Number of protein chains: 2
Amino acid sequence: MSVADTETSVSTRDRILDAAETLFIEHGFAGTSVRAIATEAGVNLAATNYHFGSKKGLFSAVFQRRVQPINEERLQRLSRLQKEVQVGKRKLTIRLVLECFFEPLRHVDPGIPALVGRMHGEPASLTRPILEEAFLEVAGAFHGALRQVLPELSHEELRWRFHFMIGSMIHLLQMHAPLGSESTHDTFTSGVPRLINFVQAGMAHTDNGKVYD
Amino acid sequence: MSVADTETSVSTRDRILDAAETLFIEHGFAGTSVRAIATEAGVNLAATNYHFGSKKGLFSAVFQRRVQPINEERLQRLSRLQKEVQVGKRKLTIRLVLECFFEPLRHVDPGIPALVGRMHGEPASLTRPILEEAFLEVAGAFHGALRQVLPELSHEELRWRFHFMIGSMIHLLQMHAPLGSESTHDTFTSGVPRLINFVQAGMAHTDNGKVYD
DNA sequence: TGACGTACCAAACGAACGTTTGAACTTTCA
DNA sequence: TGAAAGTTCAAACGTTCGTTTGGTACGTCA
C-alpha cells in the first residue's frame, strides 16, 4: 500500500467508525440501521460489511477503538503507582487507586464517555462478550488493588462496593449521552472529581462512621 | 361490560403487557418486535395496536404499570416520615430519607427492577418523556428532603450527589436484568441495604472525613 | 329483537432491514 | 506491462418490520 492508498482506505474505515459511533450513541444498536450509518459516513452501503463483516462486527470495532486507550492508561497509572509504593515513595490509599481508574476519563475525546455509557444500556446478549473481553484485565487489576487497600472487607462486600462504583461511573457517563454540545465535556470534567469523592466515601465507609483514606 | 367481558378483556391486555415486559427487558425496545410480543402472549398481532395504539404506547404502558406503585410507596413513606418529624417523634436523617426511597424496591415483583434498569438503557429520545412524567414528583420530593437534611451542601453539589445516588441504584437494577432466575430477587434483596450504606456515605461525606448520620 | 360497540382475528400493506452479488475501479508488485 | 489483490459501487436478495384493513363473534341495551 502506498501512503495515498492507506489514507483513502483508512479514511473510509474511519468515516464509517465515526458515523457509526455517533448513531449508536444516539439510537442504540438495534435502533441504528447500517443504511443510516453508510449515509452519514458518505460511503456505499456495502462498504460497512466489507470492512467489518457484519453490523455486530462494526459495533464491536466502534467500542474497541475508544475503550482500549482508556484501559491502557488505567493500567499504566496503576502499575506506576504500585511501583512507587514498592519503593516506599508513596503509601497506597483508596483515593490514589480511584484516581488511577477515573482520571483517564478526563483527558479523552468528549464522545467516548457517551459511547461507554450507551454500551452499558444495550442488551447483555450483545454487549457481554465485548465488555468481558475489554474489561477483564482492568477489572481484575483494580479489584485486586482495592482488596489490598481494604483488607478488612469480605470478598463479597468488596464485590458489592466495586459494583456500586461502576454504577456511579456509568451513570455519569450516560448523563450526557444524548447531548452533543460542548458543555458535555466541561460538565463531565467537573463531574469526575465529585465522582471520586463520592466513590471514596462509599468504598471506605464503616458502620461506625469512620472512613479510611 | 359484564364481569365476564372485563375478565377476558383484561386478561388479553395483561398477557400482552406481561409478554412485552419480558421481551423489552431482554432485548430492549428496538430489539423487540411486536410480532414476538404477540406470539409470546398468545394473542393476535393486531391486538397490541388495538389496545395500546402503537409500539411506543405499549412500551410506555409496560413501564407505567410497574413504576407507579413503587413511586406511590416512596411518597407515602416520605410523607409519613415528615409527619413524624414535625410531631417531634423522629429526627430527620439521611438514612431515613434514603430508606424511604430504596426500601420500596425490596417488596415488589422481582421483574420490576430489571425493567426500570432496562428503561435507563434505552435511547433518551424514547424514554425521556416517559421518565420525566413518572419521576418528576418523586425526584422533587426527595431532592427537597435531602436538601433539608444536608443544608450545608450547595445546590450544585447536592444535585451531583443525587445524580450518583440514582446511578448506583440503576446499576443495581440493571445488574440482574438478563437473568430470570429466583436468585435475582434474593441477590437484589441483599443488595438494597448495601446500596443504602454506600449511598449514605457518598451523600454525607465531607472533605475532612466526617460523615453525617 | 335488532342496531350498536367492543374485542379479536386472518391477511395484507408498503417500508425498511442486514446482507450478498458481480462488475468496475484502483493499487501492488513481479 | 499485466496478473493479482484490495476497494468501492449500484442493484438486488429474501426477510422482517409496524401498522392497517375488513370481517367475525359476542355482549349490551334501547
Side-chain angles (χ1 to χ4, degrees), chain A residues 1-24 26-63 122-123 125-127 129-130, chain B residues 1-63 65 122-123 125-127 129-130:
Chain A
M1 282 188 190
S2 74
V3 174
D5 269 12
T6 304
E7 271 175 5
T8 37
S9 168
V10 167
S11 165
T12 296
R13 248 189 79 102
D14 282 357
R15 276 213 308 279
I16 295 174
L17 285 172
D18 290 339
E21 183 177 294
T22 302
L23 293 173
F24 281 148
E26 199 160 353
H27 305 110
F29 177 77
T32 301
S33 71
V34 176
R35 279 174 171 80
I37 294 169
T39 301
E40 172 88 6
V43 303
N44 186 271
L45 172 61
T48 66
N49 267 21
Y50 172 77
H51 283 287
F52 302 100
S54 69
K55 190 187 179 185
K56 282 188 185 180
L58 171 57
F59 184 73
S60 178
V62 165
F63 182 72
E122 292 292 334
S125 54
L126 169 67
T127 61
I130 301 174
Chain B
M1 282 187 189
S2 74
V3 174
D5 269 13
T6 304
E7 272 176 5
T8 38
S9 168
V10 168
S11 164
T12 296
R13 249 189 78 103
D14 282 358
R15 277 213 307 279
I16 295 174
L17 285 172
D18 289 340
E21 182 177 298
T22 301
L23 294 173
F24 281 148
I25 288 173
E26 199 160 353
H27 305 110
F29 177 77
T32 302
S33 70
V34 177
R35 279 174 171 80
I37 294 170
T39 301
E40 173 87 7
V43 304
N44 186 270
L45 172 60
T48 66
N49 268 22
Y50 172 78
H51 283 286
F52 302 99
S54 68
K55 189 187 177 184
K56 282 188 185 180
L58 171 58
F59 184 72
S60 178
V62 166
F63 182 71
R65 177 177 69 147
E122 292 292 334
S125 53
L126 169 68
T127 62
I130 301 174

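By convention in this document, chain letters (A, B, ...) are assigned in the order of the sequence lines, proteins followed by strands, and residues within each chain are numbered from 1. The analysis underlying the following values was restricted to heavy atoms, covering all of them including side chains, and did not include hydrogens, waters or symmetry mates. The model shown is predicted, which means the values in this text are computed figures rather than measured ones.
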Are [X] and [Y] packed together at the side-chain level, in the sense that at least one heavy-atom pair is separated by less than 4.5 angstrom?
X	Y	answer
A:Leu17	A:Leu58	yes
A:Arg15	A:Thr12	yes
A:Ile130	A:Phe59	yes

Rounded to whole angstroms, how far apart are [atom1] on [X] and [atom2] on [N]?
X	N	atom1	atom2	answer
B:Phe52	C:dC8	CZ	C1'	14 Å
B:His27	D:dC17	NE2	P	12 Å
B:Arg13	C:dT6	CZ	P	14 Å

Would you tell me if any nitrogen or oxygen in the side chain of [X] comes within less than 4.0 Å of OP1 or OP2 on [N]?
X	N	result
B:Tyr50	C:dA7	yes
B:His51	C:dT6	no
B:Thr12	C:dA7	no

(request) Kindly write out the residues that satisfy side chain to side chain contact (heavy atoms under 4.5 Å, CB included) with A:Asp18, not counting sequence neighbours, or none if the list is empty. (result) A:Arg65, A:Arg66

(message) Donor-acceptor check, side chain of A:Ser60 to backbone of A:Gly57, threshold 3.5 angstrom: yes or no?
(response) no

Donor-acceptor pairs under 3.5 angstrom involving side-chain atoms of residues 29-42 of chain B: please list them, not counting sequence neighbours.
unit_1	atom_1	unit_2	atom_2	d
B:Thr32	OG1	B:Leu23	O	3.0
B:Thr32	OG1	B:Gly28	O	2.7
B:Ser33	OG	B:Ala36	N	3.0
B:Thr39	OG1	B:Arg35	O	2.9

(message) Within the 4.0 Å limit for protein heavy atoms, which parts of nucleotides 17-24 of chain C are touched? Write it as a string from 5' to 3', B for base, S for sugar-phosphate only, - for none.
(response) BBBBB---

